[in-house]
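First comes the structure, then the notes that go with it.
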2 protein chains.
Amino acid sequence: MASSIHDLARHLNISIGTVSRALNGRADVNADTRQRVLEAARELNYSPNQSGRSLRQGATRSIAFMLQPHPGDQEYGEPFFIPFLTGLQARLAESGLDLIVVMGAPGDYQQERLRRVVETRRADAVVLAWTRREDERIDYLTERGFPFATLGRSRSGGSSYPSLDLDFEKAGSDAVDRLLARGHRRIAAIRPALDLNFGYLFLDGYRKALKRHGIEVDPGLIADGFINEAGGYQVTPRVMLAKDRPTAIIFNNDAMALGGCKALAEMGIRPGHDIAVTVIVDTPLCRYFSPALTAFRPSLEPMGRRLAEMLLASLPAFAGPEGTRIIHEVWPLELIARESD
Amino acid sequence: MASSIHDLARHLNISIGTVSRALNGRADVNADTRQRVLEAARELNYSPNQSGRSLRQGATRSIAFMLQPHPGDQEYGEPFFIPFLTGLQARLAESGLDLIVVMGAPGDYQQERLRRVVETRRADAVVLAWTRREDERIDYLTERGFPFATLGRSRSGGSSYPSLDLDFEKAGSDAVDRLLARGHRRIAAIRPALDLNFGYLFLDGYRKALKRHGIEVDPGLIADGFINEAGGYQVTPRVMLAKDRPTAIIFNNDAMALGGCKALAEMGIRPGHDIAVTVIVDTPLCRYFSPALTAFRPSLEPMGRRLAEMLLASLPAFAGPEGTRIIHEVWPLELIARESD
DNA sequence: TGTGTTCTCGTAAACGTTTACGGAAATCCG
DNA sequence: CGGATTTCCGTAAACGTTTACGAGAACACA
């Protein structure tokens, strides 16, 4: 069916070694024969078998991104990652690498799937997202010496791998500053209950900003919930029942914010009028919601490009002349002021 | 580094052939030796090299989904596909297949990327979405005899491949019926300008329903735009400037509807009050928009499962006892009445 | 002319599997 | 007990590449 390097060799009456060298642009092949090989390749519609090549070279020339759907929220997609993946893909393609997105089942937290990818050597490196504070995936990969990079920081694995994260601490702090400047004193914070690292960073920023302004942190105004709409819906009433009601809520996540607003609506509390609502990570949903939610926006597509760049810089096979480098970066979030605060 | 089948053989002092047979559960291996092999495999942390296996078997045991980001609309993700992919992945995993999502650059319409996947044999079959009326990808795949299935129908390729589509025609018709029942007579239709097949199906349903009620189809009420928010924003005023203004608009696409509503707002026209707005394919954005948009909702996750099932049934290697079957299905969309009409 | 260098190519091994084939040992059966 | 059958395993080839090695031819140079 598909033509192999042997077909080319037979067709041109030369050896497969020469064909391979010609195709791979090696120096020790006559310019004339190279020309003929390339023509024959086009004519016979040849393209190399990736399995054969991978087997020989021990490299698949592809990078895997582990995509994890939100558990328990079938209807809600993951618009967050698509622009990121677009950037990631674009940069990898420039270096001739394929991006493969490995889907996991919702909720299994990828460990099994990750093992499969690593152990069957389906990819040369992986990119992780939704990093946890203590992340077993990172432990696993560092232990095995498998190359990877992360979108998000973690305590696990030291600083032996490239990572790109958003400055959730600053965003949390800025959100508080802004609300304080607008006269709020009772500010609640709602974040995901899992060990997700950005939840800690956000809360750190929140706490520090309050303290900086001499305001005591009230544990009754901080709540953790499941990281989806249902979680926000469930947990928001809890902070609203604090003895001294908050006049503002900062949500760490768009889906939780939407659920929270639903709960507020049912309590007769109108975001933007009766209460200020701020969201840390902006998505299109925030923009279209009514009232439009004030939120902190990441530059996802450039981040994807950059993380690909950083990953490549850490791989010996792709690092430039100055050798491999492990880069860590933290990118700012941009405040998009809308109607909800 | 990673242990191979040779390591196991050496460790157990048996031949690699026996090891392979033991691992693959073939009959002609002693129960005792099989036990020892499996233990050794666990002990040495063995797992088969996918490249070697693929090379020998001529199959990668993975299915590729071609994911295409919307062009020109960086911020807007593609929440539509995630639940679909979740279902697809789940069903494939049950048959031991991996799902790999191949990202393309926005706008290149995948032809290049598809060629890469097919020609380098990175996957055993592919799943296509966003089918066009005349789809060069389908032509290419049928011509090459490469197995695939589609989410959506097409004129290309006959009925030689499994396809699962939504009943856009019925949805378009139902949408018109509903608006007519509510007293509207001037109903506009806005759909994507590309050759996307569902745009035709939708418009067919729209036209038929109008004719069925004896209402003439006014070309001035039909407009095509770029399939994103900007497209909806740009094209909506065109139908609003018809000599006899429409009192209702049906959008074929959520993003176009959102852009259209923005344009309407700027014209001082309020959806849900001054004009009825219906969307054919519901996404979370429709639910959160204000006013919440009446829309027709697909069951994406079950559709993903089903299309995987249908694809497997068409593959000789996976078809059940009754042999391979090419299945075509068209699934209904469910009307979700909200506030915008 | 003889020696050394450069250019170009063929040979063959290797990557990690699976599997067709055959053979030795064990078992069965009349 | 002898032949037939079954059980189990080793051998080796094959999948499609890449690449180390070496060899022949052409060329340069003294």
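Letters go in sequence order (proteins before strands), and every chain restarts at 1.
Between A/Trp130 and A/Phe81, the two ring planes are perpendicular [angle over 60°; tilted spans 30° to 60°].
For B/Ser154 and B/Asn197, the side-chain atoms include no donor-acceptor pair closer than 3.5 Å. Side chains of B/Ser51 and B/Ser54: no donor on one and acceptor on the other come within 3.5 Å.
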Which letter, B, S or -, goes with each nucleotide of nucleotides 16-28 of chain C from 5' to 3', with contact meaning a protein heavy atom under 4.0 Å? BBBBB--------
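Counting only residues at least two apart or on different chains, the ring pair (Phe, Tyr, Trp, His ring centres under 6.0 Å) pairs with a member in residues 141-160 of chain B are B/Phe148-B/Tyr161. Sorted by first and then second residue, the side-chain hydrogen bond (donor to acceptor under 3.5 Å, both in side chains) pairs involving residues 24-46 of chain A (not counting sequence neighbours) form an empty list.
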Scan nucleotides 23-27 of chain D against the protein and return all N/O pairs shorter than 3.5 Å with their distances rounded to 0.1 Å.
none

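Under the rule for a ring pair (Phe, Tyr, Trp, His ring centres under 6.0 Å), the partners of A/Phe84 that lie at least two apart in sequence or sit in another chain are A/Phe65.
One end of the helix from C/dT1-D/dA30 to C/dG30-D/dC1 points its axis 40° away from the other end's axis, with each axis taken from 5 pairs and the angle rounded to 10°.
Phosphate contact (OP1/OP2 of D/dC9, side-chain N/O of B/Thr33, threshold under 4.0 Å): present.
Between the side chain of B/Ser163 and the backbone N or O of B/Arg153 there is no donor-acceptor pair closer than 3.5 Å.
Between B/Arg155 atom CZ and B/Ile138 atom CD1 the span is 12.5 Å, to the nearest 0.5 Å.
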Given the rule in the salt bridge (Lys or Arg N to Asp or Glu O under 4.0 Å) test, do B/Arg91 and B/Glu301 qualify, once you have shown the distances and angles that lead to the verdict? CA-CA 10 Å; B/Arg91 179 61 188 85; B/Glu301 204 266 353; over 6 Å; no
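Rounded to a whole Å, the CG atom of B/Asn13 is 13 Å from the C1' atom of D/dC9.
Residue B/Arg122 forms a side chain to side chain donor-acceptor pair (under 3.5 Å) with just one option from A/Thr60, A/Asn49, A/Asp98, and that option is A/Asp98.
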